[in-house]
2 protein chains.
Amino acid sequence: MPTIKDVARLANVSIATVSYVLNNSGLVSEATRARVLAAVEELGYRPSIIARSLKGKHTHMLGFVLSPFARQPQDPFFNEFLSALADTAASFDYHVAVTTTADLSSERKTYEDMVRDRRVDGFIVADTRPDDERLAYLVTAGFPFVAFGRPANELDFPYVDVDGRAGVKRAVQHLIDLGHRRIGLIELSPALVCRMHRRQGYETALQENGLPLQPELIAVGGLTEKDGYLAMSGLLDLARPPTAVIAGNDLMAVGAMNAIRDRGLAVPDDVAIIGFDDIPLASYVRPTLSTLRQDFYGIGERLVRMLMALLRGEEITEPQKILEPTLIIRESSGGALTKG
Amino acid sequence: MPTIKDVARLANVSIATVSYVLNNSGLVSEATRARVLAAVEELGYRPSIIARSLKGKHTHMLGFVLSPFARQPQDPFFNEFLSALADTAASFDYHVAVTTTADLSSERKTYEDMVRDRRVDGFIVADTRPDDERLAYLVTAGFPFVAFGRPANELDFPYVDVDGRAGVKRAVQHLIDLGHRRIGLIELSPALVCRMHRRQGYETALQENGLPLQPELIAVGGLTEKDGYLAMSGLLDLARPPTAVIAGNDLMAVGAMNAIRDRGLAVPDDVAIIGFDDIPLASYVRPTLSTLRQDFYGIGERLVRMLMALLRGEEITEPQKILEPTLIIRESSGGALTKG
DNA sequence: GAAGGTTACTTAAACGTTTAAGTAACCCTA
DNA sequence: TAGGGTTACTTAAACGTTTAAGTAACCTTC
């Protein structure tokens with residue numbers, strides 16, 4: 001591996017001159033510049049990022065810590081989002097360091113360690129939570145980061161979020177338009193900030209249509225297919241079960257569909273279902289799942305751009321960006337069938 | 001951020017002594033060691049990995065490059081495998097740098113860049129291919145790496161692979177035992193080494209049971225659900241379609257099931273299906289999918305352990321490890337129904 | 001009681017960069 | 001023609017570690 005010294009020797013200049021040429025700083029004559037560049041080419045020289053990092057104060061690394069939530073193997077969020085992070089980071093000559101945490105209690109320590117070890121220049125944090133220790137730590141430590149998801153409190157940082165309120169409201173409206181009057185909600189885990197906004201969308205839609213809010217139609221869900229299965233079973237046990245249900249994510253929606261089928265009922269004829277996310281599974285499952293689409297790739301891309309601006313001290317164009325999810329109507333909501 | 005100098009000053013020793021204490025090398029008296037450790041504690045000192053990396057020759061980073069194959073959002077391989085890499089690396093105080101490549105042509109360059117920039121100490125390469133440029137490059141460059149998958153040629157490197165031959169053979173035997181005589185195969189992409197072994201398993205099983213090899217029952221597949229759908233459609237167009245089909249992976253198996261259903265036929269009554277991988281989708285889909293399970297998490301874990309041994313110059317216990325996939329019998333093969 | 005060994009340190013160089021400060025040559029300008 | 005400015009470099013320090021080499025004190029051993 002050639003170093004800057006080898007280049008300097010070959011070009012017959014000092015290492016400082018080589019550095020100036022490479023960084024386009026300082027005053028270097030055209031002739032010398034050409035000689036240095038030729039030497040660089042001949043030796044196949046690449047500056048050591050490590051030496052650069054030691055001198056400057058950046059590592060050219062972005063951190064992404066997998067939370068116990070996102071780590072569920074069936075969650076394709078992971079895949080699309082991470083691809084976006086890596087792709088976009090690469091376009092800035094950055095890389096993404098991925099770490100995991102076994103449990104929530106060690107999560108804060110993981111962030112602290114990465115900060116103290118100066119492993120990364122900034123973080124991308126996903127799935128904001130109420131009382132989010134990660135956000136609290138990073139804000140007080142003054143360490144650069146961006147988040148997928150809003151804060152639950154008054155913490156100030158750049159983020160991208162999806163408008164769960166508007167999304168769920170539109171989904172409920174769609175079901176009401178189809179004639180449904182008893183609409184259930186299988187909620188996301190209370191550990192996620194976005195649960196609150198979705199609940200608001202649900203309540204607002206009912207209210208605007210003059211429908212009563214019936215607490216028994218709101219089931220505590222979670223994250224997994226099993227959570228959805230159990231929540232739906234509970235709703236079906238009611239004296240008057242809902243005729244349509246919105247689930248907090250697609251995984252739970254699929255679980256709900258299985259629960260309905262296992263009772264000998266049909267989707268969407270007996271119960272219509274709408275999910276959230278538009279994971280690939282949504283179009284594989286039969287009946288295909290109506291859902292609210294989040295563009296994970298686009299969100300990841302936008303987050304990295306924001307973080308890069310932050311690191312460079314540039315102005316962030318839209319430091320708090322809310323994106324609308326798209327209602328994708330497939331078979332499970334009955335809308336496509338009724339119309340077509 | 002305190003440095004080793006601050007610790008040395010506080011403990012009233014030289015920085016060399018601090019370093020010796022921290023690395024458990026050199027001779028340091030108990031009293032001095034205790035004083036240094038106290039100073040470290042008081043200041044909350046952490047050694048700079050960057051400085052360490054500059055001195056030593058390692059970055060404490062492992063590289064994983066997402067190939068255009070693995071990057072398909074619906075491929076849950078990604079998720080489980082990467083979690084394993086990150087988890088296991090963390091247990092060695094290592095991190096995983098994830099990079100993507102837009103297309104195959106730029107892939108080699110991505111590896112070269114990471115090597116030349118000394119970004120990582122070693123690589124984990126997934127999904128070996130015939131004429132694999134990545135392997136060829138890393139072997140000739142003498143850069144440490146381990147692979148998920150065997151080489152197609154005589155290249156020598158440590159790897160973990162799944163015995164696709166034995167797996168498919170067992171699956172075919174299972175179908176034969178259920179009475180099937182016309183068994184089809186939807187192959188994986190020819191760009192993957194493992195396709196060949198699976199084909200061998202298919203052919204061997206037919207042969208051992210005295211069944212003829214009928215080339216028209218072998219369909220060129222690919223990787224995605226769509227590939228499976230198209231391949232199955234082709235098989236169903238035959239004058240005498242197969243009564244059972246093995247697919248190269250679960251995604252294609254699901255595609256095949258949808259193709260069967262869209263013709264008004266039933267799984268497993270008209271055509272039995274067995275997939276490969278046991279992705280989470282396999283148990284969500286109805287009928288649930290019989291498949292050959294690969295333990296992606298376990299494989300990732302094993303690979304990192306091998307790579308760490310390689311980096312430390314230790315002996316690798318089993319440098320070429322072949323694992324048996326497990327045949328998981330669910331509804332789509334008809335076996336469970338017949339028996340139960 | 002001097003030679004040699006051990007113990008417990010310190011000094012200083014090195015890793016590969018960046019960059020402030022120094023310098024020498026040249027060209028203006030008054 | 002001395003003083004000052006510009007140009008085009010070089011020198012050397014610094015970033016935070018590791019580690020070979022040096023050193024001084026003490027302990028053996030014969």
Side-chain angles (χ1 to χ4, degrees), chain A residues 1-40 43-61 93 113-121 312, chain B residues 1-40 43-61 93 113-121 312:
Chain A
M1 283 283 149
T3 72
I4 199 171
K5 273 186 204 159
D6 302 314
V7 176
R9 199 175 308 125
L10 184 60
N12 210 23
V13 293
S14 70
I15 60 165
T17 301
V18 176
S19 178
Y20 286 134
V21 168
L22 262 28
N23 296 290
N24 285 316
S25 55
L27 294 173
V28 184
S29 71
E30 244 343 289
T32 308
R33 165 181 307 273
R35 234 175 39 247
V36 168
L37 259 19
V40 166
L43 296 172
Y45 166 76
R46 302 283 298 257
S48 153
I49 310 210
I50 292 186
R52 262 195 181 161
S53 296
L54 182 57
K55 194 82 246 293
K57 285 306 187 189
H58 47 277
T59 63
H60 278 250
M61 280 277 173
D93 202 26
D113 283 352
M114 294 195 74
V115 168
R116 294 170 73 184
D117 288 351
R118 307 167 200 79
R119 281 213 168 267
V120 298
D121 294 344
R312 294 171 170 194
Chain B
M1 283 283 150
T3 74
I4 199 171
K5 273 185 203 159
D6 302 315
V7 176
R9 199 175 310 125
L10 185 59
N12 210 23
V13 292
S14 70
I15 59 167
T17 302
V18 176
S19 179
Y20 287 133
V21 168
L22 261 29
N23 296 290
N24 285 316
S25 55
L27 294 173
V28 184
S29 71
E30 241 348 286
T32 308
R33 167 181 305 275
R35 233 173 42 245
V36 168
L37 258 18
V40 165
L43 295 172
Y45 165 76
R46 303 285 297 257
S48 153
I49 310 210
I50 294 186
R52 264 194 180 162
S53 298
L54 183 58
K55 194 80 246 291
K57 285 305 188 191
H58 46 276
T59 62
H60 277 250
M61 280 276 172
D93 202 25
D113 282 353
M114 294 194 75
V115 170
R116 294 171 73 185
D117 288 352
R118 309 168 199 77
R119 282 212 166 270
V120 298
D121 294 343
R312 294 172 170 195

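Chain A is the first sequence line, chain B the second, and so forth, proteins listed ahead of strands; every chain is numbered from 1.
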*asked:* What's B:S19 touching, base or sugar-phosphate or nothing? Going by heavy atoms closer than 4.0 Å.
replied: base

*So which nucleotide from D:dG16, C:dG16, C:dT10 ends up closest to the side chain of B:A16?*
C:dT10

*A:M1 CE to C:dA14 P: how many Å, rounded?*
22 Å

*Would you indicate which nucleotide in C:dA12, D:dT10, D:dC15 comes nearest to any side-chain atom of A:K55?*
D:dC15

_Tell me the interatomic distance from B:R35, atom CZ, to C:dA8, atom C1', rounded to whole angstroms._
11 Å

_Among A:P47, A:S48, A:S53, the one residue meeting side chain to side chain contact (heavy atoms under 4.5 Å, CB included) with A:I50_ = A:S48

*Ignoring backbone atoms, establish whether A:T32 has a side-chain N or O less than 4.0 Å from OP1 or OP2 of D:dC9.*
yes

*Separation of D:dG16 P from B:L43 CG (nearest whole Å)*: 14 Å

*Could you pick out which residue, A:P47 or B:R33, lies toward the 5' side of DNA chain C when each is mapped onto its nearest nucleotide?*
B:R33

*asked:* Taking only side-chain N and O atoms of B:R52, does any of them lie within less than 4.0 angstrom of OP1 or OP2 on D:dT18?
replied: yes

*Between C:dG16, C:dT17, D:dA8, which one does the side chain of A:L54 approach most closely?*
C:dG16

*From C:dT18, D:dC9, C:dT7, nucleotide with atom closest to B:L27 side chain*: C:dT7

*Any donor and acceptor pair, going by atom type alone, linking the side chain of B:R33 with main-chain N or O of B:N24 inside 3.5 Å?*
no

*With heavy atoms under 4.0 Å as the rule, sort B:R46 into base, sugar-phosphate or nothing.*
sugar-phosphate

*B:K5 side chain: which of D:dC15, D:dA21, D:dG16 is closest?*
D:dC15

*Quickly work out the A:N24 CG to C:dT18 C1' distance and round it to whole Å.*
14 Å

*To the nearest Å, how far apart are A:I4 CD1 and D:dT11 P?*
14 Å

*For D:dT10, does either OP1 or OP2 sit under 4.0 Å from a side-chain N or O belonging to A:T17?*
yes

*asked:* For a salt bridge (charged side-chain N to carboxylate O under 4.0 Å, His left out) check, start with the C-alpha distance between B:R46 and A:D113, then their side-chain angles and the critical distance, and finish with the verdict.
replied: CA-CA 9 Å; B:R46 303 285 297 257; A:D113 283 352; 3.0 Å; yes

*Closest listed nucleotide, where the reference is the side chain of A:A51 and the choices are D:dG16, C:dT17, C:dA12*: C:dT17

*What distance do B:L43 atom CG and B:I4 atom CD1 have between them, rounded to the nearest 0.5 Å?*
12.0 Å

_Rounded distance in Å - NE2 (B:H58) to P (D:dT19)_ = 9 Å

*asked:* It should be established whether B:S14 places a side-chain nitrogen or oxygen under 4.0 Å from OP1 or OP2 of nucleotide C:dT10.
replied: yes

_Integer-rounded Å distance: C:dA8 P and B:Y20 OH_ = 14 Å

_I'd like to know whether A:N23 forms a side-chain contact (heavy atoms from CB on, under 4.5 Å) with A:R52, so could you lay out the CA-CA distance, the side-chain angles of the two residues, the decisive distance to 0.1 Å, and finally the verdict._
CA-CA 12 Å; A:N23 296 290; A:R52 262 195 181 161; 3.7 Å; yes

*Kindly indicate whether the side chain of A:I49, heavy atoms from C-beta on, has any atom under 4.5 Å from the side chain of B:R119.*
yes

_Atom pair distance, as rounded to whole Å: CG in A:N23 and P in C:dG16_ = 17 Å

*For B:I50 and B:S25, take the nucleotide of DNA chain D holding the closest heavy atom to each; which residue's nucleotide lies nearer the 5' end?*
B:I50

*asked:* Taking only side-chain N and O atoms of A:Y45, does any of them lie within less than 4.0 angstrom of OP1 or OP2 on C:dT17?
replied: yes

